[in-house]
Enquirer: 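Got a structure for you, written out below as C-alpha cells; questions coming shortly.
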Amino acid sequence: MKKFRLYLFFFLPILILFIWVLHDEYQLRASKEFVFKISGYDPKHLLSGHYLTYQVEYGQPNPCERHHDQDEIYLCLNKSKDQCLQVIKGICRFNRFLAGIERYYVSESDAVRLEQQIRAGEVKLAIRVAPNGSAMVSHMIVNGEIYH
Amino acid sequence: MKVGHRQAFFSISSIILRMKSLDKLIAVWVENSLITAEQAKAIHLFESQKPTHRWAMIGILLLGIFVLGIGLISIIAANWHSIPATLKLGFDFSFLLAMAAYSFRLKPEKFILRESLILIYIISLLASIGLISQVYHYSGDIEDALFLWGLMVLPLVLHSVKMFTPALWALLFIPACYLQLSHHIRFQNQYDLLSGFLLMSSLLGISYWLAYYRRCNQAFIDILKSSLFFSIIALFCLVDITVTFEYPSPLHLPHPFYWIVLAGSGILTFSSIFVLADHRWIQKSLFLISQIPFYFVLLALPYFTLPAISGAVLSLTSFTVLLLYFGSRRDLAMYQLTSVLLAIRFFLVYLNEIGGLIRTGLGLIVTGLIIIVLVVFWNRYQRKLLKWLGEVK
C-alpha cells in the first residue's frame, strides 16, 4: 500500500498533464472551427514577451457594456432563425469580452512583423469551439496562409 | 581540487568552525568546575567524531538546482517554433518520466540526492505547464498555472523530508491561492480586501491544524506554521493601513461575506485554545490577547469612524503581545520579525503624530531608554518570570 502511494505521488502529476494534453487535442479535432479577424486594442502593449495579445472581432456589439466585470457570459456565434446553434463562453474584464483565446505564442523573430500585419488587418484567427462554449486557439492565418 | 578532496575540505571546515565554539564553551565549563578535564576531553573527542551536515555543499547544490530550473524555464520560453509541438511535448514527458522513475527508485538513505531530484522534478512540472500553455496558446494568468501546479505537487511536498521543497511550494502556491481568491471575491472595496486576507489566514490555520494532527512531515508543518504567522502579521499590517490611511467610505457597507468570514475566523481563533495541545495556558492566552484588538477594529470599522491613531494602537498592542508569545515559544525568526515591525511602527507613530525631527528624536530617545530598561529588567528577572510562566521549574 505504501509503495502504491509512492507511485501515485511521483507519477500522478505526469498523468494529470497527459490527460490535459489529450483533452486539448480532442477539443482541437472534435470542435467546430470559426475564423475571425483580430485587432490590437492597445498598440503600445501589443507584444508582450513572446506572445501576441489582440482583440477578436466577433462582428457583434460589445456584450460587456451591459454586464459587470468578471461576469460570465455567452456570445452567440452561429444563429439560425431564432435559435443559437453555437455559443462561445467568456468573461468580461475591463469592459472587454475575453474567451481565453486572446493570446498567441510566436517566435521572437516573427513577433514584430506579425504585430505590424495585425495592425494592417492582414491577420485572422482560427478557433475551435466546443458545444459547451469553451474555445481554443487553432492557428493564425496571415494574408490567407496558415502561419507556422 | 578533485571532487573527493572538495568534499573533505568543506567537511573539515565545518568541523573546525563547530569545534572552535565548542572549545570555548568547554574551557568556560572547566574553569567554573562544572566538568573535569577528563570529561572535557571525552566531550571533545565525541563531538569531533560526529558527522557534519556539509551545509556549504548543500547550499551550492541548491544553487545549482535553481539555476538548472531557471534554465529549463528559459528554454521553454524561447519558444522554438522550428520544433514541432509533438516533439516538444514528447521530449518533455520523457524527461518527466525519467526524473520521476529515478527519484522513486533512489534509496531513502541518499536523502540529499533524493530531495534535490524531487525539487528539480517539481520545477520541471511547472516548466511543463508553461510548455503546454504555450503549445495550446492558453491566455490564463500566472496564478492559474501556479495554483494547478501547487495542487498537483502537494502529495510530493508532503512526502518531502527537508524544508526546501515545502518552502518553494508555500512561496509560490499560497500567493497563487490568494490571487485565485481575489478573482472570485471581486475586490471592490477595502472590506473585500480584508475578507480575502482573513479567509486566507483561516484556511492556513485549518491546513496547519490538519497537518499537525495528521502527523505530516515536520518540514511541511513548520512551513505551514510560518506561513500562518506571516499571514496574521500581514493582516495586522493591512488593518493598520486601512484605519490609518485607507478608511472605507461610509457609503460602502461590507458585503455579508465579510461578516461570515469574520465570524468564521473568530470562531477558529478562539477555538485554538482547545486545539493547541502543545501550548501552555499562558501561551494560549498571549496568542488570543494579541488577536483581540484586531477583531475589535474589524467589528467597529463599518459603524464607527475610528481615529487614525487606532491603527497604531492596534499594531503596537498586538505586536507587543505577539512578541511575548513568540518569545515564550522560542520562535527566534518570528520574534525578530515582530520586533523589527514593532520598531518601525514606533518610528512611524512619532513621525505621524508628533511631527518634527526634534520631537521625534526626543520621543525615540525616551523609547530607546524604555527598551533598554526592559532588557535589563528581563536579564535580571528572566528566571523568575519564566518560572511564573511555567516554562521552568
Side-chain angles (χ1 to χ4, degrees), chain A residues 2-3 5-25 27-28 48-54 56 68-72 90-93 98-111 114 125-128 134-140 147-148, chain B residues 76-86 89-90 92-106 108 117-118 121-122 124-126 128-141 144 148-149 151-160 182-188:
Chain A
K2 202 177 176 186
K3 207 162 188 181
R5 258 204 323 204
L6 270 177
Y7 268 120
L8 212 62
F9 290 168
F10 278 94
F11 295 100
L12 185 64
I14 302 174
L15 187 64
I16 292 170
L17 290 178
F18 189 64
I19 292 170
W20 180 16
V21 167
L22 283 179
H23 168 267
D24 286 348
E25 281 296 322
Q27 187 166 342
L28 275 178
S48 181
H50 296 295
Y51 56 81
L52 297 169
T53 55
Y54 41 79
V56 180
H68 295 115
D69 234 34
Q70 306 282 7
D71 276 353
E72 190 179 85
I91 59 163
C92 289
R93 217 186 246 189
L98 300 173
I101 53 169
E102 290 77 21
R103 188 182 289 186
Y104 196 92
Y105 286 87
V106 296
S107 64
E108 200 176 356
S109 52
D110 292 342
L114 277 169
L125 185 75
I127 63 170
R128 293 272 181 173
S134 59
M136 277 184 71
V137 172
S138 178
H139 53 270
M140 226 172 221
Y147 167 74
H148 291 295
Chain B
I76 304 301
N79 194 43
W80 290 339
H81 263 267
S82 53
I83 302 171
T86 324
L89 288 172
D92 182 48
F93 278 108
S94 305
F95 178 72
L96 288 175
L97 279 167
M99 286 281 319
Y102 186 58
S103 309
F104 176 75
R105 289 177 67 87
L106 267 178
L117 283 172
I118 288 175
Y121 176 52
I122 68 169
S124 307
L125 284 168
L126 184 58
S128 301
I129 292 172
L131 175 65
I132 294 169
S133 305
Q134 202 182 63
V135 166
Y136 296 104
H137 306 286
Y138 273 86
S139 56
D141 299 313
D144 297 329
L148 171 67
W149 171 82
L151 288 175
M152 262 175 29
V153 302
L154 180 59
L156 264 174
V157 169
L158 287 169
H159 177 70
S160 185
S182 67
H183 288 327
H184 288 94
I185 295 176
R186 301 184 196 184
F187 292 155
Q188 284 172 0

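First the proteins, then the strands, lettered A, B, ... as listed; each starts at 1. What you see is a predicted model, and the numbers here were worked out from it, not measured in a lab.
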Enquirer: Report the option among B:Val153, B:Ile129, B:Ile122 that has the most heavy-atom pairs separated by less than 4.5 Å from atoms of chain A.
Expert: B:Ile129

Enquirer: Less than 4.5 Å to any heavy atom of chain A: does that hold for the side chain of B:Leu148, its backbone, both, or neither?
Expert: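 It is the side chain, since no backbone atom gets that close.
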
Enquirer: What part of A:Leu28 lies closer than 4.5 angstrom to a heavy atom of chain B: side chain, backbone, both or neither?
Expert: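 For A:Leu28, the contact with chain B is made by the side chain alone.
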
Enquirer: Please state whether the rings of A:Phe9 and B:His159 are parallel, tilted or perpendicular, taking 30° and 60° as the class boundaries.
Expert: tilted

Enquirer: Taking all non-hydrogen atoms of both residues into account, name the closest pair between A:Tyr105 and B:Ser133 and its distance.
Expert: CE1-O, 3.6 Å

Enquirer: Using the side chain to side chain donor-acceptor pair (under 3.5 Å) rule, collect all pairs that involve residues 95-104 of chain B, keeping only residues at least two apart or in two chains.
Expert: none

Enquirer: Using a cut-off of 6.0 Å, state whether more than 12 heavy atoms not belonging to A:Phe18 lie near its atom CZ.
Expert: no

Enquirer: So, for B:Leu125 and A:Pro13, which heavy atoms are closest and what is the spacing to 0.1 Å?
Expert: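 Nearest pair, atom of B:Leu125 first, then A:Pro13: CD1-CB, 3.6 Å.
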
Enquirer: Roughly how far apart are A:Asp24 CG and B:His137 NE2, rounded to 0.5 Å?
Expert: 11.0 Å

Enquirer: Please say which of A:Ile14, A:Leu17, A:Val21 ends up in a side chain to side chain contact (heavy atoms under 4.5 Å, CB included) with B:Ser128.
Expert: A:Leu17

Enquirer: Please list, chain by chain and in numerical order, all residues satisfying side chain to side chain donor-acceptor pair (under 3.5 Å) with B:Tyr136, sequence neighbours excluded.
Expert: A:Glu25

Enquirer: Looking at every non-hydrogen atom in both residues, tell me the closest pair between A:Arg103 and B:Tyr138 and how far apart they are.
Expert: CD-O, 3.5 Å

Enquirer: At a 4.5 Å cut-off on heavy atoms, which part of A:Arg128 comes close to chain B: side chain, backbone, both, or neither?
Expert: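 No part of it gets close to chain B.
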
Enquirer: Is the backbone of A:Phe10 close enough, under 3.5 Å, to the side chain of B:Tyr121 for a donor and an acceptor to pair up by distance?
Expert: yes

Enquirer: Measure distances from B:Ile118 to the heavy atoms of chain A and classify the residue's part below 4.5 Å as side chain, backbone, both or neither.
Expert: side chain

Enquirer: Using non-hydrogen atoms and a 4.5 Å limit, figure out which bit of B:Asp141 sits close to chain A: side chain, backbone, both or neither.
Expert: side chain

Enquirer: Report which part of A:Ile16 has an atom under 4.5 Å of a heavy atom belonging to chain B: side chain, backbone, both, or neither.
Expert: side chain

